Every structure is written in structure tokens, then in C-alpha cells.
Enquirer: 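Pasting in a structure now, in C-alpha cells, and then I'll have a few things to ask.
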Amino acid sequence: MREIAEGRKADEVIPKAPGMKYKHYAPKADMLIVEGARDNVKREIARLKDLNEKLGSNVGVLLFEEQAFIEAAHDFFARLRDLDKEGVDLILAGALSDKDGVGFAVMNRMLKSAGYNIVKV
């Protein structure tokens, strides 16, 4: 068991706030979330993908259907791991609506994975 400050073991630490106990998977690649009206998001992702590929980057796209909250919740981390296996340099992800509880939870994970890098269109 890994020791941490004050001789406590890692599994004995009480988190200061919800969401601090477990480390979420973060991709090796840089990640950018694109948020806005769906058509604008798709256009901006296509534009950024094209631009970055012209600059020599390997770009992956993570875009769930607009209301596919359950699919996104189920597949998000697996798709990030798949993009890591493909060796992408940049992940462009379309934001989900956070009006639904599941959408909110997935967006929270997306934001953490992206290091809160978000562009609004």
C-alpha cells in the first residue's frame, strides 16, 4: 500500500470534496472541447481537424450524438483509451448538454480529461 503524508495509506485519506477521491483517466494527447450549437460544433471540429492535420498532427474526434447521454457515459473513457492507442496528438471533442443529469456527469469527466480546455462557437 502506498504511504502518503502523515504516514496514512492512500485508501485511508478522506477527500476534501466530492470527486477528489478517484483519479479519472486522462488521455496522453491534448484535448479540446468544442461547445455551441451542434452544427457550429461540427463545423469547428472539422476546421480544427483539417488545420492541425495540415500542421502534421494526428487528430482524433470524439463526437457523440446530441442527446446520447447514456452511450457517452458508457463509452467515454473507452473511446479516450482507443484514441491513445491510435497515437493521436490532439483530441477534439464535442460538448454534451449538461441540462440532463447524465449529460452533466459526462461533461464533468470530459472537462477534467481536457484540462478544462474549451472553446465556444
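Fair warning: this is a prediction, and the values are worked out from it, not measured in the lab. Scope of the values below: all heavy atoms of this structure, side chains included, with no hydrogens, waters or symmetry mates.
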Enquirer: Answer yes or no: is there a side-chain heavy-atom contact under 4.5 Å between D30 and N117?
Expert: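 D30 does not reach N117 side chain to side chain.
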Enquirer: What distance do N52 atom CG and L92 atom CG have between them, rounded to the nearest 0.5 Å?
Expert: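 Taking CG in N52 and CG in L92, the distance rounds to 6.5 Å.
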Enquirer: Restricting to salt bridge (charged side-chain N to carboxylate O under 4.0 Å, His left out), what partner residues turn up for E53, sequence neighbours left out?
Expert: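 Testing E53 for salt bridge (charged side-chain N to carboxylate O under 4.0 Å, His left out), a comparison that skips the adjacent residues, returns K49.
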Enquirer: Give a yes or no on whether the backbone of S57 and the side-chain of D89 come within a donor-acceptor separation of less than 3.5 Å.
Expert: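 No; zero donor-acceptor contacts below 3.5 Å.
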Enquirer: If you measure from CZ on F76 to CG on L62, what distance do you get to the nearest 0.5 Å?
Expert: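 The CZ atom of F76 sits 6.0 Å away from the CG atom of L62.
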Enquirer: Are L32 and I91 side-chain neighbours, meaning at least one heavy-atom pair lies under 4.5 Å?
Expert: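 They are not in side-chain contact.
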Enquirer: Does V59 share a hydrophobic cluster with L55, counting links as ILVMFWY side-chain heavy atoms below 4.5 Å and allowing steps through other members?
Expert: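 Result: no, two separate clusters.
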Enquirer: Please find the pair of heavy atoms, one from V102 and one from A73, that lie closest to each other, and give the distance.
Expert: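 Shortest heavy-atom contact: CG1-CB, 3.8 Å.
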Enquirer: Hey, quick one: are V121 and M31 part of the same hydrophobic cluster, counting side-chain heavy atoms closer than 4.5 Å, chains of contacts allowed?
Expert: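 Looking at the clustering, M31 is in a separate group from V121.
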Enquirer: Show the nearest heavy-atom pair for residues G94 and V41, with the distance to one decimal.
Expert: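 It is CA-CG1, 3.9 Å.
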Enquirer: Check I118, V61, V119, L63 against V34 for a side-chain contact (heavy atoms from CB on, under 4.5 Å) and give me the one that passes.
Expert: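 When side-chain contact (heavy atoms from CB on, under 4.5 Å) is applied between V34 and each of I118, V61, V119, L63, only V119 qualifies.
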Enquirer: How long is the gap from CG on N40 to CD1 on I45, to the nearest 0.5 Å?
Expert: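 That separation rounds to 11.0 Å.
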Enquirer: Nearest heavy-atom pair of L80 and S113: which atoms, and what distance?
Expert: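 Taking L80 first and S113 second, the nearest heavy atoms are CD1-OG, 3.8 Å.
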Enquirer: Considering all heavy atoms of both residues, which atom of D84 and which atom of A29 are nearest to each other, and what is their separation?
Expert: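 Nearest heavy atoms, D84 then A29: OD1-N, 3.8 Å.
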Enquirer: Please report the interatomic distance CD(E35) to CG(L96), rounded to the nearest 0.5 Å.
Expert: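 Separation between the atoms: 10.0 Å.
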Enquirer: Count I, L, V, M, F, W, Y as connected when their side-chain heavy atoms are under 4.5 Å apart, and connections chain through other members. Are V106 and I70 then in the same cluster?
Expert: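 Yes, V106 connects to I70 through the hydrophobic network.
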Enquirer: So, taking the atom named CG in L83 and the one named CZ in R81, what distance separates them when rounded to the nearest 0.5 Å?
Expert: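 Those atoms lie 11.5 Å apart.
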Enquirer: Can you name the closest pair of heavy atoms from E71 and R79 and give their distance?
Expert: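 So the two residues come closest at OE2-NH1, 4.0 Å.
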Enquirer: Strictly below 4.0 Å, N to O, side chains only: are K54 and D50 in salt-bridge contact?
Expert: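 Salt bridge flag = yes for D50 with K54.
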Enquirer: What's the spacing between L51 CG and L90 CG if we round to 0.5 Å?
Expert: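 Spacing of CG (L51) from CG (L90) equals 10.0 Å.
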